[in-house]
Structures are given as structure tokens and as C-alpha cells.
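Reckoned from all heavy atoms, side chains included, excluding hydrogens, waters and symmetry mates. Residue numbers begin at 1 in each chain, while the letters A, B, ... track the order of the sequences.
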Number of protein chains: 2
Amino acid sequence: MKRKVTLKQIAKELDVSISTVSKALRNSAEISEDTKLKVQAFAKLYNYRPNNIALSLKNRKTRTLGVIIPEIVHHFFSKVIKGIEVVANKRGYNVIVGLSNESFDKEVLNMEMLANGSIDGFILSISKETLQNQDYHHFTETINQGMPIVMFDRVVNDIDCDKVVVDDYSGSINAVSHLINKGCKNIAIITTKDYVSVGKLRTQGYIQALEDNGIQAKPSLILKVDDRQVSDDNLEVLETIIGEMFKENPQIDGVFAVNELYALTAMKVARNMGITIPEQLQVIGFTDGVLSKHANPSLTAVSQHADLIGQTAANLLIDKLEIEIDDEVDESYQTTTISTELIERESTKS
Amino acid sequence: MKRKVTLKQIAKELDVSISTVSKALRNSAEISEDTKLKVQAFAKLYNYRPNNIALSLKNRKTRTLGVIIPEIVHHFFSKVIKGIEVVANKRGYNVIVGLSNESFDKEVLNMEMLANGSIDGFILSISKETLQNQDYHHFTETINQGMPIVMFDRVVNDIDCDKVVVDDYSGSINAVSHLINKGCKNIAIITTKDYVSVGKLRTQGYIQALEDNGIQAKPSLILKVDDRQVSDDNLEVLETIIGEMFKENPQIDGVFAVNELYALTAMKVARNMGITIPEQLQVIGFTDGVLSKHANPSLTAVSQHADLIGQTAANLLIDKLEIEIDDEVDESYQTTTISTELIERESTKS
DNA sequence: ATTCGCAACGAAAACGTTTTCGTGTTGAAA
DNA sequence: TTTCAACACGAAAACGTTTTCGTTGCGAAT
């Protein structure tokens, strides 16, 4: 077993000083050609690579980004990570991933674990519990210590940092308008409780789109699901309440769901009730994931361009990191909005 | 902005030496109670946390695992990562993720980027290109440098390291036997080219199950898809060749697909040809992802317990890291097999 | 009065780099 | 012969820890 070779070992072996080796490898003009060649050849032979940790300590930069997300087994988040990874890699950064699992404590713990020198900055999406608690001290403290944060998707206005968001509002307006254009007269929305910012925005977009078309939103057609009761493994509750809404409001001819799962569940319930899609009922879901594409019928969806969100966030963070010379924190923050795109499939009329 | 406080600053502030501060914080008996209390109070006030990088350099351990996977936007891999994360977190480790994107070069690059001190060991699944090239020098070199590797799912026998694999062979036997038990007489398999080890094993399991039941495998019913031509965005080719197989072999009454996508595509093609599922055709897919559960009809699938794979791999790696005292490499390697489970759903008869 | 032991603390090395600043040697100019 | 610049290299500090090994001062034992 050959351990990794260090400058010190090379120096000893070639009978020169550590400084000489370091300079020779960096092609410094201070060192004679002879010595350079000798050192470089030796380093190549023993496959010398500078130790990242030592470099990090010296430069007080790790060239590593910390990413904290609520969940990784999720098409949207994994796509964001991929976007981050691609950009980070291209720009010479590594990515450490931490999962909050939608828990406030784990979010705080994860951030503390990484903030002590392991990373240069954070990219994160806030956990549901944190959003409910409205306790953001860990974000402000991190920022106060000079560590930049970029938030994406689930953001909060109270915090001064760069943000990358989806235009949930206008995306929803587009989707609902599309349903109206395709002839829907009674459109229901399946959404989440308001503390999830994106759910709230999407609901507002839904209402606005109706109003724009001279339709009054009816409370009976707004289904706010408590997503603490509904998980991927427990869809019966969801099916039941959707079924009830359909029964009590047989005039429903369009459904706008704020995520894939709600949309697919609505289609399933409708199918079981003998309602045909898209003839009798048209459905659109927010979030374009694998389910939408491969559902039967396939689901018309509002694509969020998750990979672009990740890329944008990573570029924002790295830009900020590399601009900050001499510990001068750049105090200007920007919010980038990534526009959505309606992908038409079989669940709406063509 | 308060920068992170260091031992040196505390020492200066309290007019003691750095060593005294360090010992006081670690509750050393060498230090008087008075000094300890003074130092600890000050540290708490200024929220002192030891710098991870400095610790890593000193201890020559980073308490960080490197994970290299071919793709993250993939239910199986993201679930494995989640399993790794949970265990790593519980045992005080961080996780750096690198994506090979199925490319040999990116796999090598990513590993080199991390192997220079950033991490203590690797957990990885080999990229398709590497499997084709059969060039494994980067693995052996890493191991030779004393950095342990744990491979999962896509492994290769040539390399001496711990491995976590799925029992692809017996899982496939189970699945195909199930089809036979449910009355299938002519079972087709949709699989990948043989260089992907798991595809090969699953195909072998299929053949074995047929033989066990006195059935001779027919080449015309073995469809080997070139997955370089088929992506999530380009399923037409796949649909065409599956359709051709169905037309040329109308006696087919069962399909075993080595992944979800192939299974769903087979169901789609069948549906378009007016074949009913599960009455006329029963389908089972390997890999239990979101698609299987939410497909219509939902897909009977062979679950791989991806999270368990991740947990097992992480535990194996950390065990090895923490056993290796005094640079003594533990040369005993084990291969853990995670058994599969058949999840019955609507695509097979009950 | 001398020695001993102990309590409490500090100096310094080490981890692996980079970089600044010094230092010795050489050859040429004065 | 002296002076001086240029050249080639080394020593040391710094990044933030931990830990080993001194080094004090002091009360007690001899």
C-alpha cells in the first residue's frame, strides 16, 4: 500500500526544502529549470496531489457547497441537486448533501454540522416544520457569520439572501386559464395548507385566473389537504376527500392540483367513478415529474425546470463566494424567478 | 458580522494560552476548576465550535463519506443515498455526492477530486461506461492508497472490497415463477445488453425459472434493449420493438421487465393493441419505484429495498473506517446480499 | 535547608500547504 | 579588490486544532 505522497516526503527524497518543492510544482520563476524538472518528474512518478484539507485550512476556503433539502427521494429535489452538481463540478466545487427530512431540528443540526468550516456556503430549501415554526434564527446566524445562503423554491422573505423561486403564481394562472380556454366551467383546486408558501401562491394564482375570466371562486371547490396526514404510503384519506368533493360537486369539469400526486389521485378517483378524462374532466398538475409523463392518461403539467433552478442557485452562490474578496460581504441580494412551462399531454383536450 | 471565534482568540481574550483553552474545553484534569469555568463560559457566550477542517487535518480523518453514483434523478439511487445519509448522520459523518452521469471520465475525475483528503472512504455504483470499458484502475489505485471502497448494486468481482448487492438472480426466479404460478405459459423478458451485470443476472434468473418449470427459453421472447438508444425522453424505439415482439409472438401472456420503465412501456404497448392486463397479459417489473405504485394498472414489482442497501453500505464503510487503527488496513472483505421482495399489485392476477 | 511531588499552566510540534522574507553564491561592473 | 545585482534556494509563519512534554510555584516531607 502506497500512502499519498506529501511535499515533505518529496523534499526529503530529493534533498531540497519543502518550499522549493512547492514552488517547483507551481512553476515559480524562483526555481531553476533543472530543479523544476527534477521535482516535477518525481511528483508525477509518485502521482502527487495536493491535500485538499491542508489547502482548505490555508485558504480558509473549502470549495465545497452545502445543500440542505427536506427530502431527496423526490423528483423535484433530486433534479435540483443534479443541476447544482453539474454547475459545481464545472466550477471546481464539491457538494455536501444534508437532509432535513422536513424536520426543524435536523435542519438546524445539519447546518451546524456543516457551518464549522466544512463548506463555503449553503443552498437550501426550507423544511415544512421550519416554515410552520417560523423560527429562522439558524439562517440569520449563519449569514451573520459571513456564510452566504441561497434559498430555492421554499423561501421566506424575512431573510436577506439570494433566492431562486418558481413563478408559482403566474404558473398557476397559466394552468387554470388553459383549463378555462379548453372549456372548463367549474374548476376545482387540490392544494395544501397555506403555511407552505408555494401552496399558498398557487392557490392565489388559481383564484386570480378565475377572477380574470369573470368567475367567482367557490370555497367548496378549494380542497386544502393537510399533507401531514397524506403520504405516499397513505393515499386513502386523500382519495376519500377527493371522492367526496366530486360527489358533492358533480359539476366539476376541471381539476388543478398543486402536485403530481394529488393530480394522479384525482384521476384515479375520477376513473373509479366512471368519469372520463379528458372528455368529462380535464386535469393539470403542478410539478412535472416522471409520474406525469408515464401516467395513463399522461398528465398535462406545469414544469418547474428543476435542473435550471439548481444551476441558477449554484451559480449565484459561487459568484458570491468568488466576488467576496478580503472578507467583504457583498450585501446585495437578488431573487431570480424561473418561469414555468405548461406541458400539454393527454389529461387535457387538445 | 461576527466571524467564527477560534481558540487563539479566546486565549488572547482571557490571557491564557491556547493549550489551556483547548484543555479547559475538553474538561481536562490538568486545568483548575476556576479556569475551566471561565473558559467554558466564554466559549459558550461566543458560541465556539471547533473548526472541522483543522480537526480533519490534525486527525487525518474527515468524517466524510464520498458517494459516487451514475445518476441522482432516479428513484433507486436517490433512495440509496437517503439510506446512506441516515446512517452517516447518525454516526456523525457527512456525505459528499458525486455524479458520474454514466461516464467513465467523470467517474475517475470525481474520485480523484475527492480522494485527495476530502473524504475517508467511498460508496459507489459503477457507471455503465466503466463496466463496458472494464477499466477499473481508479478503483484499485484508490484502495491501494488505503482508502476503503464499498460498492453497491453495480459491482465487479475483480475488485477486492466490500460489496452490497441485490439478489438479482433469485429475485428474478421468484418473479418469473410467480408468473408461471399465475398461469402464464409464454413469458417474455425485456432486459438490457449483458454488460450491465444486473441485467445479465436477471436474464439468467429468468431462464433458470423457466427451466425449473420444464419450459425451454425461446430466444424470440428475450428482448435485449440497447439502453444507449433508449432514454426517458426517447421511448418510441422501445415501443416499436416491444410492439414487434408482441405481434410476432401473440402467444405471449406474461412479461418480466428488468426495470420499471420497460414494464410500463410494455403495458402501454399492450393496452394500445387491445390486450387487457392482467387478464390476457401479466406483467412484473424489477425495481419498485414510484411509477410501479402509481401506474394504471399498478405494477407488480420486485422491490430492491434501496434504502436498506444504502444503510448497509454506509454501516460497512464506517465500520471499516473505525476499525482501522494505526493505519492497519483490514483486508477482509464481505459481500452482503439484500434480498428482494415481490410486491403484488394489479398487473398480475390475484 | 534541601528535596520531592503535585497542581496548573505554557511552549512547541504536528497535520500539509503556500508565501513572504531572508541568505548565500555567483558573475560582472566599478 | 570591492560592490552589487541576480539567481536559487531555505526558514518560518500561517491556517486551527490536539497533545506531549516541559516548566513553574508551592507546600510538605526529609
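Atom CG of A:N27 and atom P of C:dT18 are 13 Å apart (whole Å). Between B:R26 atom CZ and D:dT17 atom P there is a gap of 11 Å when expressed in whole angstrom units. What separates CG of B:L7 from P of C:dA14 is a distance of 20 Å, to the nearest Å. Put simply, CG on A:L14 is 12 Å from P on D:dC9, counting in whole angstrom units. The separation between A:I18 atom CD1 and D:dA11 atom P is 9 Å, rounded to whole Å. Note: CG (B:N52) to P (D:dC15) measures 18 Å, nearest angstrom. Here D:dC9 presents its P atom at 13 Å from CG of A:L25, a figure rounded to the nearest Å. Atom CG in B:N51 sits about 9 Å away from atom C1' in D:dC15, given to the nearest Å.
Using modelled atom types, one finds no donor on one side chain facing an acceptor on the other under 3.5 Å when comparing A:S103 with A:S100. Using a 3.5 Å distance cut-off with no hydrogens or angles, the side chains of A:D120 and A:T62 do pair a donor with an acceptor. In summary, the side chains of B:S118 and A:N52 do present a donor paired with an acceptor at a separation below 3.5 Å, with no hydrogens or angles considered. Remark: the B:S22 side chain and the B:S19 side chain contain no N/O donor-acceptor pair separated by less than 3.5 Å.
Put simply, A:R60 has a side-chain N or O that comes within less than 4.0 Å of OP1 or OP2 on D:dG16. At C:dA8, none of the side-chain N or O atoms of B:T35 fall inside 4.0 Å of OP1 or OP2 (strictly under the cut-off).
The B:K8 side chain lies nearest to D:dC15 when the options are C:dT19, D:dC15, D:dC9. Among the nucleotides C:dC9, D:dT18, C:dT19, the one closest to the side chain of B:S32 is C:dC9.
Judged by distance alone with a 3.5 Å cut-off, no donor-acceptor contact links the side chain of A:K58 to the base of D:dG16. Counting distance only, with no hydrogens placed and no angle test, the side-chain atoms of B:K61 and the base atoms of D:dT18 include no donor-acceptor pair under 3.5 Å. Side-chain atoms of B:S17 and base atoms of C:dA11 include no donor and acceptor less than 3.5 Å apart. Applying the 3.5 Å distance criterion, the base of C:dG16 shares no donor-acceptor pair with the side chain of A:K4. Remark: the A:S19 side chain and the D:dA11 base include a donor-acceptor N/O pair separated by less than 3.5 Å.
The residue A:L55 sits close only to the backbone: its heavy atoms come under 4.0 Å of sugar-phosphate atoms, none of a base. Counting any heavy atom pair closer than 4.0 Å across all strands shown, A:S22 reaches a base atom.
A residue-by-residue look at B:I31 and B:L57 shows that B:I31 has its nearest nucleotide of DNA chain C further toward the 5' end. Across the interface with DNA chain D, nearest-nucleotide mapping of B:K23 and A:E33 shows A:E33 to be the residue nearer the 5′ end.
Taking the six-membered ring for Trp and thresholds of 30 and 60 degrees, A:H138 and A:F104 have ring planes more than 60 degrees apart, a perpendicular arrangement.
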